[in-house]
*Asks:* 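One structure is given below, represented as structure tokens, and several questions about it will come after.
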Amino acid sequence: MSARPAAQPTDGATPLPRSISPRRGRRRASSLGAALGLTVLGAVVPGSAFLAAGRRVLGGVTLAAFLLLLAGGAWLATGGRRTAVRTLVDTGSLMWVVVGLGVLALLWAVVVVAGYRMLRPARMSGGRALVGGLVVAAVVVAGVAPAAYAGRLVLVQRDLIAGVFDDGESATVVDTPDPFGDQERVNVLLLGGDGGEGRDGVRTDTVIVASISTETGETTLFSLPRNLEELPFPEDSPLSEVYPDGFWAGTESESLLNAVYRNGPAEYPDILGPTDDPGADFLKLGVGEALGLTIDYFVLVNLDGFSQLVDALGGITVNVNYWVPVGGDPGTGALPDAYIRPGRDVEMDGPTALAFARGRFGLTDYDRMARQRCTINAIIDAGDPVTLLAQYQELAATTQDIVSTDIPQGALDDFVDLAFLVKDAGVRSVVFDANLIDPAYPDYDEIRQIVEDALAAPTPAEQEPDTTAPSTPAPSSPSEEPAEPTQAEENPLTDVGDACAYDPEQAQEALDQGQPPTRNG
């Protein structure tokens, strides 16, 4: 039987190749390999497979949509970062992000499959068709999986925002559409709660007020000692009536600043009215009165879960300039179990970092306050994008467990704007140590004047350059008597990074003296 002759054109035109469809100039790939290659290209650059198949309009529209999405992503990563961060702190917007990711993933999968169907050869054996289908399915799964993971992370972020910023009841916060209003400064009380196993309640051994300029982002941190006594309260507060001479809980040790959070609400649980965290409200009113500031919000980090946070980050790195005790009881004289050795860029896991932040045996509260600020800086430095992405679900769960605040969700947009200002502004610190005030007999008028002067002082950008190198003070020796309080320095402002710098001379001196004695000798 003779072969059927090829069709001949009647008008002298060139015959149409077999790989080209006579309808609308559509093309199919000449082989399965070519079809799969173009399909993968279409997965990377959506629309290109359609163009290769001769579907110019559909391919052009798809490619244009893809390029617009790329441009939008580039804008969010550069000029639109503020919009991106605002989205990340808005639970409603986050839900729409999840929906958008799902829709985009579905459309992308349709584009990939449709491109392959247009390009695959018209005639293939069953085995080759199966191979082609499996390869395309693998490409779709590989592309959809990251979108599904991103959607999961967005849901975790939404749960985190809803859990931490839960808009609960507060005796000191009024949720308004314009939280900052015409305020010149926003004052946030930062608390470190030393609760956990073997501890009776939460004691706030870290008390810092961050006063932030709403115009420039310039921030001044005011650190108060844990043993500050006679914490005052505003005259128009019911707390002033029950504590007319300052906070008192029966004994001196139970009346220190670090005991207000626990003991105040225990004695007067309903004095401030409905509130989810009466201890924080006690401290906001008292610390605000002590400093002459209105405290707008608080953030409490419970150190009970601190080590989990550090481990989730893969550890932190800090400079250690002297032997830091691990455990020990200054009250009973029980020696520490061990010491953290001085050194540059010491790597620490969660338990070691917690001991570094807590250690006080043979040292002072002010030494510990400085190390806690360094630990916070180290945590921020440890948060590289790769680690955060890989451990985000664990980090979010840990953060939700150890962080509480009365910042309402409605104020988060304003805090985002403020954070972008703070990032480019200076951060200064005033530590109310024994060289500045007497914590046992505090002169609160003097404290308020120091705060006022500090906030009125020119920022580093407004000052003449200072070529004097800062020095890191050595920790107090356990054999030394506490320093007598002196007249407040003219300028107690310091850079927050000074105490975190490595001092080789101080560290070597500590090493030469040898490790102090431990419980095990």
Side-chain angles (χ1 to χ4, degrees), residues 76-77 81 84-95 97-99 101-102 105 141-142 144-168 190-199 202 206 277 298-318 326 340 345-358 371-407 409 412 415-416 419:
L76 288 175
R81 284 182 299 166
V85 177
R86 280 187 168 218
T87 300
L88 290 175
V89 298
D90 184 274
T91 54
S93 297
L94 288 171
M95 200 65 239
V97 170
V98 174
V99 173
L101 286 171
V141 170
V144 170
Y149 182 69
R152 172 59 183 164
L153 292 184
V154 173
L155 289 175
V156 170
Q157 171 70 6
R158 184 175 183 272
D159 291 342
L160 173 64
I161 296 298
V164 174
F165 305 94
D166 59 1
D167 290 353
L190 308 175
L191 303 172
D194 207 5
E197 184 178 353
R199 297 176 180 268
V202 174
T206 300
D277 199 327
F298 84 90
V299 177
L300 169 65
V301 178
N302 195 327
L303 295 181
D304 184 30
F306 178 81
S307 62
Q308 301 173 33
L309 179 64
V310 173
D311 281 337
L313 285 168
I316 61 173
T317 301
V318 296
V326 178
I340 299 173
D345 295 335
V346 177
E347 296 182 0
M348 298 183 179
D349 59 10
T352 306
L354 180 59
F356 179 77
R358 271 181 171 166
R371 292 198 310 276
Q372 288 174 345
R373 292 195 299 274
C374 296
T375 305
I376 293 173
N377 287 341
I379 288 176
I380 295 173
D381 292 340
D384 64 274
V386 175
T387 300
L388 290 176
L389 184 61
Q391 302 292 334
Y392 189 74
Q393 294 187 55
E394 183 179 352
L395 286 168
T398 303
T399 301
Q400 190 168 337
D401 288 340
I402 68 174
V403 175
S404 59
T405 183
D406 61 356
I407 297 175
Q409 290 188 29
L412 292 181
F415 269 103
V416 168

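Predicted model only: the values in this text are computed from it and were never measured.
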*Asks:* Can you measure from CZ (Phe298) to CG (Asp277) and round to the nearest 0.5 angstrom?
*Replies:*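 One gets 4.0 Å once the value is rounded to the nearest 0.5 Å.
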
*Asks:* Measure the shortest side-chain to side-chain distance between Ser404 and Asp166 over non-hydrogen atoms and say whether it is less than 4.5 angstrom.
*Replies:*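 Sidechains of Asp166 and Ser404: no contact.
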
*Asks:* For residues Ser307 and Pro351, report the shortest heavy-atom separation together with the two atoms involved.
*Replies:*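 That would be CB-N, 3.7 Å.
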
*Asks:* Can you tell me how far CD of Glu394 sits from CG of Leu313, rounded to the nearest 0.5 angstrom?
*Replies:*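 So the gap between those two atoms works out to 9.0 Å.
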
*Asks:* Identify, with sequence neighbours excluded, every residue that meets ring-ring contact (aromatic ring centres under 6.0 Å, His included) alongside Phe165.
*Replies:*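 Here no residue qualifies.
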
*Asks:* Are any of the side-chain heavy atoms of Gln157 and Ile161 separated by less than 4.5 Å?
*Replies:*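 Yes, their side chains come closer than 4.5 Å.
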
*Asks:* For Val326, give me all partners under side chain to side chain contact (heavy atoms under 4.5 Å, CB included), at least two apart in sequence or on another chain.
*Replies:*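 In terms of side chain to side chain contact (heavy atoms under 4.5 Å, CB included), with neighbours along the sequence ignored, Val326 is linked to Ala338, Ile340, Ala355.
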
*Asks:* Give the intermediate values and the outcome of side-chain hydrogen bond (donor to acceptor under 3.5 Å, both in side chains) for residues Asp349 and Thr352.
*Replies:* CA-CA 5 Å; Asp349 59 10; Thr352 306; 2.7 Å; yes

*Asks:* Could you name each residue pair satisfying salt bridge (charged side-chain N to carboxylate O under 4.0 Å, His left out) that touches residues 147-163, not counting sequence neighbours?
*Replies:*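 Sorted result for residues 147-163: empty, none.
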
*Asks:* Under a 4.5 Å cut-off applied to non-hydrogen side-chain atoms, are Leu412 and Asp90 in contact?
*Replies:*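 They are not in side-chain contact.
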
*Asks:* Does the side chain of Phe356 come within less than 4.5 Å of Val346's, by heavy atoms?
*Replies:*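 A side-chain contact under 4.5 Å is absent here.
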
*Asks:* Check whether any side-chain N or O of Thr317 sits under 3.5 Å from a backbone N or O of Glu347 as a donor-acceptor pair, and report yes or no.
*Replies:*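 No, the answer is negative, given that no donor and acceptor are paired below the 3.5 Å cut-off.
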
*Asks:* Rounded to the nearest 0.5 Å, what's the gap from CG on Leu354 to CG on Asp311? Could you check?
*Replies:*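 That separation rounds to 10.5 Å.
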
